[in-house]
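Here is the structure we will look at, set down as structure tokens.
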Amino acid sequence: MEVLIATSVGVMTACGVYLVLRASTFPVVVGLTLLSYAVNVFLFSMGRLKVGAPAVIDASADGYADPLPQALVLTAIVIAFAMTAFVIVLALKARDELGNDHVDGEGGKLPDYEEAEA
Amino acid sequence: MNLLNYALPVAALLPFFGAAVVASSARFHRAAPAWCSALAAFSALLVLIPAMSGVFAGETLIQSWSWVPSVGLEFAFRLDGLSLLFTLMILVIGLLVTLYAGYYLSAEDSKARFFSCLLLFMGSMLGVVLSENLLLLLVFWELTALSSFMLISFWQHREDARHGARMALAVTGMGGLALLGGVLLLGQIVGSYNLTEVLAAGDIIRSHEWYLPTLVLILVGVFTKSAQFPFHFWLPHAMAAPTPVSAYLHSATMVKAGIFLLARFFPALSGTSEWLWIVSTAGMLTLLLGAFVALFQHDLKGLLAYSTISHLGLITLLFGLGTPLAAVAALFHIINHATFKASLFMVAGIIDHETGSRDMRKLNGLMKYMPHTSVLAIIAASAMAGVPLLNGFLSKEMFFDQTVVASGASSWALAIPVLATLGAIFSVAYSLRFIHDVFFNGDPIDLPRVPHAPPLYMRLPVDLLVIVCLGVGMLPALTVGPLLAAAVKATIQGQAPDYSLAIWHGLNVPLLMSFVALLGGITVYVFRARLFAWNDRHLVRIDARVPYNAVLRALIQVATAITRRFDRGSLQHTLAWTMGPAGLVAVAGFVSMDSPLFGNRTLMDFDPVALIAFGGLMLSSVLTVVMHRKRMVSLILLGVVGLLVSLGFAKFSAPDLALTQLSVEIVTVVLLMLALFFLPQHTSGVSSRWRHIRDAIWAVGLGTGATLLTLAVLTRDLSPISDYFVENSVSGGGGTNVVNVILVDFRGFDTLGEIVVLSIAGLGIFALLRNIHLHASLTDMEGRAWSTDSHPVILQTLSRLLFPLMLLFAAFVFLRGHNLPGGGFIAGLVAALAIVLQYLGNGIQWTSARIRTDMHRVIAAGLFFAIATGLVSIVLKFPFLTSTFTYLKWPVVGKFEVASAMIFDLGVFLVVVGATVMILVELGKFNLLQATKPGKHTKGDD
């Protein structure tokens with residue numbers, strides 16, 4: 001089972017990295033989201049995997065899943081959402097200011113932009 | 001609780017609080033800033049009065065609290081004779097300047113800004129002179145640089161003001177860095193940053209191998225602040241400040257901060273030949289240069305600025321000579337210079353204010369127009385020249401006496417009294433010029449305004465200062481004696497030398513020197529025309545600004561060149577070069593590992609459901625990339641990935657994570673979809689083939705690395721640090737859901753930081769979306785026009801039905817959070833989803849007419865609850881965010897638990913709801929406008 005998790009982390013990382021290196025803003029945001037999934041799963045798995053462990057303190061339990069990475073990842077998920085939201089709005093702003101959705105603001109005005117202007 | 005035990009920090013911090021009050025006081029009354037400011041300074045003075053009698057008796061008052069003991073930083077204050085002398089100068093002259101500035105500033109100047117900056121500066125100066133801990137002193141030292149920057153650049157519309165302020169900040173800021181280095185070395189040598197220990201360790205410091213670098217670094221700090229050669233050039237440019245600022249900063253306070261440090265470190269650093277040479281040479285050069293250049297200034301304030309430089313040089317020279325008597329003379333001259341120079345600056349301000357000019361070639365014969373002010377100015381300028389019966393004479397005599405004593409050291413040292421006399425000759429000459437050119441010498445030429453006498457309250461501070469000049473000059477022992485004695489004792493930190501504050505010491509060499517200086521000065525002034533002509537031919541072109549600008553430009557060029565090598569302003573470029581080398585570093589890590597890559601922990605078996613989910617995850621991740629040109633499809637696939645991740649969390653015993661991931665996933669997809677509406681639906685291929693291949697190699701490499709790393713960890717055994725949390729969750733945090741207890745209790749401070757980040761992101765988005773013009777595509781990615789149908793009936797009905805249920809569910813999740821999976825984060829997301837669903841199902845108009853809560857307030861309330869919970873525990877003398885819990889018993893409901901952490905969690909809940917809804921709704925609003933007017937670009941409402 002660990003192999004599956006490790007492979008998932010790897011594949012999500014690879015897909016995220018590839019998308020983050022694209023030249024348009026939207027794929028970059030999607031890539032960032034994928035990367036944050038990968039990081040979250042990676043962090044979570046650092047507490048080792050446990051199936052069927054009780055989620056709350058229970059006298060009859062013989063072991064728990066490590067709660068610390070869980071707490072870390074829980075806030076990380078929310079923060080990742082805030083970051084994604086901020087970056088996508090930044091992308092909208094960039095498009096408004098620069099007239100295109102290139103990450104470096106290059107590439108002139110987009111065709112539909114000109115259409116809307118006209 | 002005896003309030004006197006807090007007198008020193010209260011006095012030092014009062015002006016800072018005053019500054020905050022003053023900043024907002026202008027709306028009540030035009031004169032309110034000046035009065036509030038005076039009140040703050042006056043209260044600081046009052047607070048210190050009870051402590052003064054002890055200090056006059058020679059005691060040292062220390063009030064200290066531990067702050068960061070690991071680095072030696074203490075919140076420690078000290079009041080001894082030296083600090084008292086400076087404190088009185090800062091507060092008394094500060095009060096006079098406040099009174100003066102109230103009348104000096106014109107109606108267009110923002111008094112609130114002026115006085116709050118002035119108070120900031122006053123507080124910083126008080127902090128410098130009252131600090132016992134050197135690191136604390138450094139903090140206040142930097143604050144003086146910053147606040148004086150704001151004061152010098154007060155008239156921001158003027159280029160010379162901005163330039164002068166920037167120069168002052170650059171030079172004194174550089175000195176501040178050097179001082180930091182020097183103080184750190186000093187602390188390392190002594191083993192403590194507290195002045196008491198440092199001052200007692202003079203012998204250790206002087207014999208230490210680091211003595212010279214320590215001394216040089218500290219002196220660079222001192223010389224830059226006190227405008228000593230070769231760092232003197234910023235002071236004349238800082239004259240672009242309003243005159244009250246010059247009167248305060250450049251006579252009594254800011255430039256004296258460096259002198260203060262010289263006096264403070266006198267017992268610890270002086271007494272070596274290095275000290276003697278460096279300090280007295282710099283002092284002597286500054287004294288001569290300042291006095292000489294001052295004579296040729298046509299601007300009143302320019303003359304005073306160079307004269308200040310010269311007098312600061314004199315004081316520095318005295319400290320450099322290193323004898324106890326020289327220190328006495330230096331301290332005495334500090335007082336005298338502050339009084340006559342502050343009054344002269346104020347007179348210059350009055351003249352500027354009443355005539356509209358500060359040019360001595362135009363200002364003539366003002367005696368007729370403002371006789372009272374003229375008399376004051378003549379007395380103060382005579383004190384500056386060292387005329388008998390005035391205070392400047394007394395300290396100058398002492399200075400001459402010390403130069404004569406120093407001349408005995410060698411035949412070269414004979415130059416010291418000769419040069420001192422030369423400096424004094426020029427000092428008399430420029431003082432005479434100030435008096436004769438401005439108040440006599442014919443009639444005014446082309447003045448913008450007809451001169452008349454100043455308002456009473458503008459003149460009153462000058463009156464008082466001149467009375468001090470006279471009083472000290474005639475009855476020195478009665479007036480300034482006790483204060484000087486206390487200051488001398490604190491400066492020398494030992495037996496004070498015998499000195500006499502008499503006016504008449506008999507016919508001796510110093511008196512002869514004074515006589516020569518007076519006669520010589522008059523002669524120089526009489527023959528000034530020739531000197532001026534010579535000066536115009538040869539010297540006028542020397543401008544310190546030219547080399548200064550050249551150095552600055554070169555620095556910026558180098559910095560830019562270095563930056564450009566790493567950052568070409570391209571995100572793709574930067575990311576590729578960050579990720580690539582990061583991967584290479586990881587490869588190096590794997591290769592250099594000497595244990596086998598994988599451990600031998602027993603792994604879990606596969607199960608078919610997991611395999612299927614894994615397959616789905618792989619497929620959807622890869623398809624997200626493959627389909628990334630079709631953005632909508634790619635986004636939906638991203639949602640699938642997120643849902644599968646959340647299933648994974650559920651499978652591996654993390655229900656809290658599963659719930660959070662699920663709700664965040666929904667919000668994220670909705671958000672990205674909203675945004676996508678305003679972005680192109682396709683990604684056009686702009687990258688080259690080579691770049692695709694390179695990126696694919698990076699991606700596969702980093703992905704493989706991540707897999708191997710994860711596997712390497714997962715195949716090893718774990719010794720977790722979380723046992724503590726598991727064991728103490730119920731007994732210490734009162735909850736059985738360990739994850740939630742960690743979030744709201746054990747690591748509550750982290751969570752507080754995170755909700756602050758969330759709030760900032762929400763507000764940032766709100767700000768970004770103001771005044772934005774969004775441009776929607778006219779068609780979807782297949783080229784079809786958008787549907788303009790109103791909201792589907794089924795969704796509409798269901799969403800309204802679901803709303804109360806979802807809120808109830810959120811409340812349920814919230815309440816059980818401490819003991820069962822749930823909590824503020826998840827409940828917040830669920831509640832936010834409930835609201836967002838209304839917007840989606842019923843449209844913006846319908847929903848915003850019904851949900852009118854301003855989400856800013858929700859966020860603010862959430863932060864308030866979270867921080868208040870923490871503060872309550874401080875008030876109850878527990879560490880920040882300590883929580884407590886108890887069990888209550890209600891009829892019907894039964895026994896249940898109440899934990900203070902619940903209130904914190906409520907804060908988390910509110911922030912999450914507020915930020916999430918704000919983000920989505922702010923963006924969603926644009927769709928409304930877009931849908932009603934297809935094809936038109938929309939304008940964000942403000």
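Reminder, nothing fancy here: chain letters follow the sequence lines and each chain counts from 1. Because the structure is a prediction, the values reported are computed rather than measured.
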Measure distances from B/D717 to the heavy atoms of chain A and classify the residue's part below 4.5 Å as side chain, backbone, both or neither. backbone
4.5 Å side-chain heavy-atom contact, A/R22 and B/R629: no
Atom pair CE (B/M579) and CG (A/L35), whose distance is rounded to the nearest 0.5 Å: 5.5 Å
Could you tell me whether the side chain of A/T84 reaches within less than 4.5 Å of the side chain of B/L672, counting heavy atoms only? yes
All heavy atoms of A/L68 vs all of B/S722, minimum pair found to be CB-CB, 3.9 Å
Options A/L49, A/V11, A/V103, A/L72, ranked by heavy-atom pairs under 4.5 Å with chain B, top entry: A/L49
Which atoms of B/V667 come close to chain A, meaning under 4.5 Å heavy atom to heavy atom: side chain ones, backbone ones, both, or neither? both
Parallel, tilted or perpendicular for B/F649 and A/F44, by the 30°/60° rule? perpendicular
With only heavy atoms counted, which part of A/F86 is less than 4.5 Å from chain B, the side chain, the backbone, both or neither? both
Return the option, out of B/L611, B/D607, B/L718, with the maximum number of heavy-atom pairs under 4.5 Å with chain A. B/L718
Spatial distance of atom NZ (A/K93) from atom CD1 (B/I772) [nearest 0.5 Å]: 5.0 Å
Nearest heavy-atom pair of A/S8 and B/L617: which atoms, and what distance? CB-CD2, 3.4 Å
Is there a side-chain contact between B/M618 and A/M12, using heavy atoms and a 4.5 Å cut-off? no
Side chains of A/Y18 and B/H628: is there a donor and an acceptor less than 3.5 Å apart? no
Check: B/E754 side chain, A/T75 main-chain N or O, donor-acceptor pair, under 3.5 Å: no
In Å and rounded to the nearest 0.5 Å, what is the CZ to OG1 distance from A/F81 to B/T660? 13.0 Å
How far does CG of A/L74 sit from CG of B/L657, to the nearest 0.5 angstrom? 5.5 Å
Most contact-rich option vs chain B, by heavy-atom pairs under 4.5 angstrom, among A/I5, A/V9, A/V78, is A/V78
Between B/V641, B/L709, B/T715, B/I760, which residue shows the highest count of heavy-atom pairs closer than 4.5 Å to chain A? B/V641
Chain B contacts, top residue of A/V73, A/L4, A/V89 (heavy-atom pairs, under 4.5 Å): A/L4
Does A/R48 reach the main-chain N or O of B/R716 with its side chain, forming a donor-acceptor pair under 3.5 Å? yes
Is it the backbone or the side chain of A/I88 that comes under 4.5 Å from a heavy atom of chain B, or both, or neither? side chain
Do any N or O atoms from the side chain of A/R95 and from the backbone of B/F678 form a donor-acceptor pair under 3.5 angstrom? yes
Shortest non-hydrogen contact from A/A71 to B/L743? O-CD2, 3.7 Å
So which heavy atom on B/T707 is nearest to which on A/G10, and how close? OG1-CA, 3.0 Å
What residue in B/G735, B/A761, B/A613, B/S663 has the most heavy-atom pairs under 4.5 Å with chain A? B/A761
Here the pair of heavy atoms bringing B/A699 nearest to A/V17 is CA-CG1, 3.9 Å
Against chain A, work out which of B/L571, B/I742, B/N737, B/L768 has the most heavy-atom pairs shorter than 4.5 Å and name it. B/L768
Do you know which of A/T33, A/V28, A/V29 has the most heavy-atom pairs with chain B at a distance under 4.5 angstrom? A/T33
When heavy-atom pairs shorter than 4.5 Å are enumerated against chain B, which of A/T7, A/T25, A/V30, A/N40 gives the highest number? A/T7
Between atom OG of B/S653 and atom CG of A/D66, what is the distance when rounded to the nearest 0.5 Å? 11.5 Å
Most chain A-contacting option - heavy-atom pairs closer than 4.5 Å, from B/P655, B/G642, B/S634: B/G642
Measure B/V726 against the heavy atoms of chain A and call it side chain, backbone, both or neither at under 4.5 Å. both
Region of A/L90 in contact with chain B, defined by heavy-atom distances below 4.5 Å: both
What I'd like to find out is whether the side chain of A/M1 reaches to under 4.5 Å of the side chain of B/K651, using heavy atoms alone. yes
Side chain from CB out, backbone as N, CA, C, O: work out which of these in B/A915 comes under 4.5 Å of a heavy atom of chain A, or both, or neither. neither
Chain B heavy atoms under 4.5 Å from A/M83: which part of the residue, side chain, backbone, both or neither? neither
Select, from B/A654, B/A706, B/G701, the one with the greatest count of heavy-atom pairs under 4.5 Å involving chain A. B/A654
Considering only heavy atoms, which portion of A/A6 lies under 4.5 Å from any heavy atom of chain B: side chain, backbone, both, or neither? both
Is a side-chain N or O of A/E2 found less than 3.5 angstrom from the main chain of B/M604, in a donor-acceptor match? yes
Nearest heavy-atom contact between A/A85 and B/I919 is CB-CG2, 3.8 Å
For a 4.5 angstrom cut-off between non-hydrogen side-chain atoms, does B/V713 reach A/S45? no
Quick check on B/D723 against chain A: is it the side chain, the backbone, both or neither that has a heavy atom closer than 4.5 Å? neither
Measuring heavy-atom distances to chain A, does B/R601 have an atom under 4.5 Å in its side chain, in its backbone, in both, or in neither? side chain
At a heavy-atom separation under 4.5 Å, does B/L635 approach chain A through its side chain, its backbone, both, or neither? side chain
Under 4.5 Å to a heavy atom of chain A? For B/F614 that would be side chain
Please state whether the side chain, the backbone, both or neither of B/L708 comes within less than 4.5 Å of a heavy atom of chain A. neither
